[in-house]
Amino acid sequence: HKRYLIDLCVFAPLRPVDAEISPLGFDVRTYLELGRPFTLIAPALGFFSGAVTAIGAYPGEPWSAAVLAYPLVGALMAAVLNSASNALNQIYDLEIDRINKPSRPLVTGALSIREAWGFTWVMYALALIPTWLVVPHPYDSFYEKLTAPLVKHECFFIYLAALVATFAYSAPALGRTKAHPIGANLTIAIPRGLLLKVALYALIRFKVLTDGALERPFASALLMGFGL
(Lines give C-alpha, C1' and ligand atoms only; values in the text may rest on other atoms or scores of the structure.)
Protein backbone atom coordinates (compact mmCIF):
# COMPACT_ATOMS: atom_id res chain seq x y z
CA HIS A 1 0.00 0.00 0.00
CA LYS A 2 2.87 2.40 0.77
CA ARG A 3 4.38 1.81 -2.66
CA TYR A 4 0.97 2.37 -4.27
CA LEU A 5 0.57 5.71 -2.49
CA ILE A 6 4.09 6.79 -3.42
CA ASP A 7 3.39 6.05 -7.08
CA LEU A 8 0.25 8.18 -6.94
CA CYS A 9 1.90 11.13 -5.22
CA VAL A 10 5.44 11.24 -6.62
CA PHE A 11 6.36 11.84 -10.25
CA ALA A 12 6.98 8.75 -12.34
CA PRO A 13 10.23 8.41 -14.35
CA LEU A 14 10.82 11.05 -16.98
CA ARG A 15 9.51 10.65 -20.52
CA PRO A 16 11.82 8.63 -22.81
CA VAL A 17 14.19 10.74 -24.91
CA ASP A 18 12.88 9.31 -28.20
CA ALA A 19 9.25 10.41 -27.59
CA GLU A 20 7.73 12.49 -30.36
CA ILE A 21 6.95 15.95 -29.00
CA SER A 22 4.30 18.06 -30.73
CA PRO A 23 4.66 21.82 -31.36
CA LEU A 24 2.43 22.28 -28.29
CA GLY A 25 5.17 20.80 -26.10
CA PHE A 26 3.75 17.37 -25.30
CA ASP A 27 3.57 13.92 -26.82
CA VAL A 28 0.13 13.73 -28.42
CA ARG A 29 0.42 10.05 -29.24
CA THR A 30 1.16 9.16 -25.62
CA TYR A 31 -1.87 11.08 -24.37
CA LEU A 32 -4.02 9.36 -26.98
CA GLU A 33 -2.77 6.04 -25.64
CA LEU A 34 -3.73 7.16 -22.14
CA GLY A 35 -7.23 8.14 -23.27
CA ARG A 36 -7.59 4.92 -25.30
CA PRO A 37 -9.67 6.45 -28.12
CA PHE A 38 -10.67 3.09 -29.59
CA THR A 39 -12.85 2.55 -26.50
CA LEU A 40 -14.74 5.82 -27.09
CA ILE A 41 -16.59 4.76 -30.24
CA ALA A 42 -19.07 2.40 -28.60
CA PRO A 43 -20.12 4.82 -25.80
CA ALA A 44 -20.47 7.71 -28.25
CA LEU A 45 -22.63 5.64 -30.60
CA GLY A 46 -24.72 4.42 -27.67
CA PHE A 47 -25.35 7.94 -26.44
CA PHE A 48 -26.01 9.19 -29.96
CA SER A 49 -28.64 6.48 -30.36
CA GLY A 50 -30.69 8.20 -27.65
CA ALA A 51 -30.89 11.28 -29.84
CA VAL A 52 -31.69 9.23 -32.94
CA THR A 53 -34.52 7.58 -31.03
CA ALA A 54 -35.86 11.02 -30.11
CA ILE A 55 -35.77 12.19 -33.73
CA GLY A 56 -37.62 9.09 -34.90
CA ALA A 57 -40.19 9.03 -32.07
CA TYR A 58 -43.75 10.04 -32.77
CA PRO A 59 -44.38 12.57 -34.14
CA GLY A 60 -41.44 12.08 -36.49
CA GLU A 61 -39.04 14.89 -37.33
CA PRO A 62 -37.27 15.37 -40.68
CA TRP A 63 -33.53 14.91 -40.42
CA SER A 64 -31.50 18.09 -40.72
CA ALA A 65 -28.08 19.47 -39.81
CA ALA A 66 -29.64 21.67 -37.13
CA VAL A 67 -31.32 18.70 -35.45
CA LEU A 68 -28.18 16.56 -35.58
CA ALA A 69 -25.85 19.25 -34.21
CA TYR A 70 -26.91 18.81 -30.58
CA PRO A 71 -26.58 15.00 -30.43
CA LEU A 72 -23.22 15.12 -32.20
CA VAL A 73 -21.89 17.56 -29.61
CA GLY A 74 -23.49 15.57 -26.80
CA ALA A 75 -22.00 12.30 -28.02
CA LEU A 76 -18.59 13.98 -28.30
CA MET A 77 -18.81 15.19 -24.69
CA ALA A 78 -19.80 11.68 -23.60
CA ALA A 79 -16.77 10.26 -25.43
CA VAL A 80 -14.50 12.83 -23.79
CA LEU A 81 -15.94 11.87 -20.40
CA ASN A 82 -15.12 8.25 -21.17
CA SER A 83 -11.57 9.26 -22.08
CA ALA A 84 -11.17 10.90 -18.67
CA SER A 85 -12.51 7.75 -17.05
CA ASN A 86 -9.96 5.64 -18.93
CA ALA A 87 -7.10 7.82 -17.69
CA LEU A 88 -8.43 7.81 -14.12
CA ASN A 89 -8.67 4.04 -14.16
CA GLN A 90 -5.03 3.73 -15.26
CA ILE A 91 -3.93 6.00 -12.41
CA TYR A 92 -5.57 3.81 -9.80
CA ASP A 93 -4.63 0.54 -11.56
CA LEU A 94 -0.94 1.38 -11.85
CA GLU A 95 0.30 -1.53 -9.75
CA ILE A 96 -2.00 -3.97 -11.55
CA ASP A 97 -0.91 -2.67 -14.95
CA ARG A 98 2.75 -3.18 -14.03
CA ILE A 99 2.00 -6.89 -14.23
CA ASN A 100 -0.87 -7.22 -16.69
CA LYS A 101 -0.32 -4.31 -19.11
CA PRO A 102 3.33 -3.22 -18.87
CA SER A 103 3.20 -1.23 -22.12
CA ARG A 104 0.80 1.43 -20.82
CA PRO A 105 2.27 4.97 -20.61
CA LEU A 106 2.18 5.28 -16.82
CA VAL A 107 3.97 1.97 -16.39
CA THR A 108 6.67 2.73 -18.95
CA GLY A 109 7.23 6.23 -17.59
CA ALA A 110 6.13 7.93 -20.80
CA LEU A 111 3.79 9.97 -18.60
CA SER A 112 3.99 10.88 -14.93
CA ILE A 113 1.14 10.58 -12.48
CA ARG A 114 0.92 14.37 -12.41
CA GLU A 115 0.58 14.53 -16.20
CA ALA A 116 -2.09 11.83 -16.14
CA TRP A 117 -4.06 13.73 -13.51
CA GLY A 118 -3.77 16.90 -15.59
CA PHE A 119 -5.13 15.11 -18.66
CA THR A 120 -7.93 13.57 -16.61
CA TRP A 121 -9.15 16.89 -15.18
CA VAL A 122 -8.95 18.65 -18.55
CA MET A 123 -11.06 15.91 -20.15
CA TYR A 124 -13.57 16.03 -17.31
CA ALA A 125 -13.86 19.81 -17.69
CA LEU A 126 -14.32 19.59 -21.47
CA ALA A 127 -17.04 16.99 -20.99
CA LEU A 128 -18.94 18.68 -18.18
CA ILE A 129 -18.73 22.47 -18.53
CA PRO A 130 -20.58 22.77 -21.90
CA THR A 131 -23.58 20.90 -20.49
CA TRP A 132 -24.26 23.86 -18.17
CA LEU A 133 -25.59 25.67 -21.25
CA VAL A 134 -28.08 22.92 -22.08
CA VAL A 135 -31.33 24.26 -20.60
CA PRO A 136 -34.94 24.22 -21.82
CA HIS A 137 -36.77 27.01 -23.59
CA PRO A 138 -37.30 29.97 -23.01
CA TYR A 139 -33.66 30.37 -21.92
CA ASP A 140 -32.32 30.86 -25.43
CA SER A 141 -29.50 33.43 -25.37
CA PHE A 142 -26.04 32.60 -24.03
CA TYR A 143 -26.54 34.84 -20.98
CA GLU A 144 -29.98 33.37 -20.26
CA LYS A 145 -28.57 29.85 -20.43
CA LEU A 146 -25.64 30.77 -18.23
CA THR A 147 -27.80 32.36 -15.54
CA ALA A 148 -30.84 30.08 -15.73
CA PRO A 149 -32.17 28.78 -12.37
CA LEU A 150 -30.29 25.82 -10.95
CA VAL A 151 -33.20 23.44 -11.46
CA LYS A 152 -33.06 24.07 -15.21
CA HIS A 153 -29.55 22.64 -15.50
CA GLU A 154 -30.67 19.03 -15.28
CA CYS A 155 -28.46 17.90 -18.15
CA PHE A 156 -25.41 19.23 -16.29
CA PHE A 157 -26.27 17.24 -13.19
CA ILE A 158 -26.88 14.07 -15.21
CA TYR A 159 -23.38 14.37 -16.65
CA LEU A 160 -22.02 15.22 -13.19
CA ALA A 161 -23.59 12.04 -11.80
CA ALA A 162 -21.89 10.06 -14.58
CA LEU A 163 -18.59 11.75 -13.70
CA VAL A 164 -18.91 10.82 -10.03
CA ALA A 165 -19.69 7.24 -11.07
CA THR A 166 -16.35 7.01 -12.89
CA PHE A 167 -14.60 7.88 -9.62
CA ALA A 168 -16.69 5.35 -7.70
CA TYR A 169 -15.67 2.73 -10.27
CA SER A 170 -11.91 3.26 -9.85
CA ALA A 171 -11.13 5.11 -6.61
CA PRO A 172 -10.77 3.11 -3.37
CA ALA A 173 -11.97 6.12 -1.35
CA LEU A 174 -15.35 5.92 -3.11
CA GLY A 175 -15.70 2.16 -2.92
CA ARG A 176 -13.86 1.07 -6.09
CA THR A 177 -16.91 -0.77 -7.40
CA LYS A 178 -14.88 -2.44 -10.17
CA ALA A 179 -13.67 -4.85 -7.49
CA HIS A 180 -17.23 -6.14 -7.06
CA PRO A 181 -19.02 -7.91 -9.96
CA ILE A 182 -22.47 -6.44 -9.32
CA GLY A 183 -21.20 -3.02 -8.29
CA ALA A 184 -18.98 -2.75 -11.36
CA ASN A 185 -21.83 -3.54 -13.72
CA LEU A 186 -24.22 -1.13 -12.04
CA THR A 187 -21.64 1.66 -12.03
CA ILE A 188 -21.08 1.24 -15.75
CA ALA A 189 -24.63 0.41 -16.87
CA ILE A 190 -26.62 3.14 -15.09
CA PRO A 191 -24.53 6.21 -16.04
CA ARG A 192 -23.53 5.13 -19.56
CA GLY A 193 -26.48 2.97 -20.52
CA LEU A 194 -29.21 5.11 -18.96
CA LEU A 195 -28.31 8.56 -17.65
CA LEU A 196 -26.30 9.95 -20.58
CA LYS A 197 -28.52 8.29 -23.16
CA VAL A 198 -31.58 9.78 -21.49
CA ALA A 199 -29.88 13.17 -21.40
CA LEU A 200 -29.43 13.14 -25.18
CA TYR A 201 -32.97 11.86 -25.75
CA ALA A 202 -34.43 14.60 -23.60
CA LEU A 203 -32.23 17.24 -25.14
CA ILE A 204 -33.53 16.48 -28.63
CA ARG A 205 -37.12 15.48 -27.94
CA PHE A 206 -38.08 18.18 -25.49
CA LYS A 207 -35.71 21.04 -26.24
CA VAL A 208 -34.79 21.01 -29.92
CA LEU A 209 -37.96 19.51 -31.42
CA THR A 210 -40.73 20.67 -29.12
CA ASP A 211 -38.98 23.84 -27.98
CA GLY A 212 -39.28 22.99 -24.31
CA ALA A 213 -42.88 21.78 -24.24
CA LEU A 214 -42.29 20.03 -20.92
CA GLU A 215 -41.43 21.95 -17.79
CA ARG A 216 -38.95 19.32 -16.56
CA PRO A 217 -37.80 17.58 -19.75
CA PHE A 218 -34.78 15.71 -18.41
CA ALA A 219 -36.58 14.46 -15.33
CA SER A 220 -39.48 13.30 -17.49
CA ALA A 221 -37.16 11.49 -19.89
CA LEU A 222 -35.31 9.91 -16.97
CA LEU A 223 -38.55 8.46 -15.65
CA MET A 224 -39.33 7.10 -19.10
CA GLY A 225 -35.85 5.57 -19.24
CA PHE A 226 -36.38 3.73 -15.95
CA GLY A 227 -39.79 2.63 -17.22
CA LEU A 228 -38.20 1.06 -20.29
Side-chain angles (χ1 to χ4, degrees), residues 24 31 35 37 40-41 43-85 87-88 118-167 190-228:
L24 298 177
Y31 279 101
L40 311 183
I41 298 175
L45 289 177
F47 304 147
F48 186 75
S49 68
V52 173
T53 303
I55 295 173
Y58 182 84
E61 177 73 12
W63 293 75
S64 67
V67 171
L68 289 176
Y70 278 96
L72 285 173
V73 172
L76 176 62
M77 289 188 293
V80 171
L81 180 64
N82 194 69
S83 180
S85 176
L88 180 74
F119 173 86
T120 300
W121 286 117
V122 168
M123 292 298 103
Y124 275 136
L126 291 176
L128 184 64
I129 291 175
T131 63
W132 183 261
L133 300 177
V134 179
V135 293
H137 180 78
Y139 305 95
D140 297 325
S141 70
F142 177 82
Y143 180 77
E144 289 172 337
K145 293 176 183 293
L146 192 64
T147 59
L150 193 63
V151 295
K152 300 297 183 180
H153 295 278
E154 293 168 304
C155 184
F156 172 85
F157 289 108
I158 288 177
Y159 271 75
L160 180 61
L163 187 157
V164 172
T166 65
F167 272 89
I190 292 178
R192 304 183 188 187
L194 174 64
L195 293 181
L196 297 183
K197 191 167 183 174
V198 163
L200 287 181
Y201 180 95
L203 167 64
I204 298 301
R205 194 71 219 163
F206 303 129
K207 182 179 187 301
V208 178
L209 301 185
T210 64
D211 205 21
L214 296 184
E215 177 65 20
R216 302 297 298 278
F218 293 98
S220 301
L222 185 61
L223 291 175
M224 287 192 294
F226 276 114
L228 294 175

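Any value given below was found using the heavy atoms of this structure, including those in side chains, with hydrogens, waters and symmetry copies removed. Throughout, numbering of the chain's residues begins at 1 and tracks the sequence. Keep in mind that what you see is a predicted model, and the values were worked out from it rather than measured.
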Search all heavy atoms of [X] against all heavy atoms of [Y] and return the closest pair with its distance.
X      : Y      : result
Lys145 : Leu133 : CD-O, 3.3 Å
Ala125 : Pro130 : O-CD, 3.8 Å
Ser83  : Gly35  : OG-CA, 3.5 Å

To the nearest 0.5 Å, atom CG of Leu88 lies from atom CZ of Phe119 at 11.5 Å
His153 NE2 to Leu146 CG distance, which is reported to the nearest 0.5 Å:
7.5 Å
Result for ring pair (Phe, Tyr, Trp, His ring centres under 6.0 Å) between Trp132 and one of Tyr139, Tyr159, Phe142, Phe156 points to Phe156
Do Leu128 and Leu81 make a side-chain contact, defined as non-hydrogen atoms from C-beta onward lying under 4.5 Å apart?
no
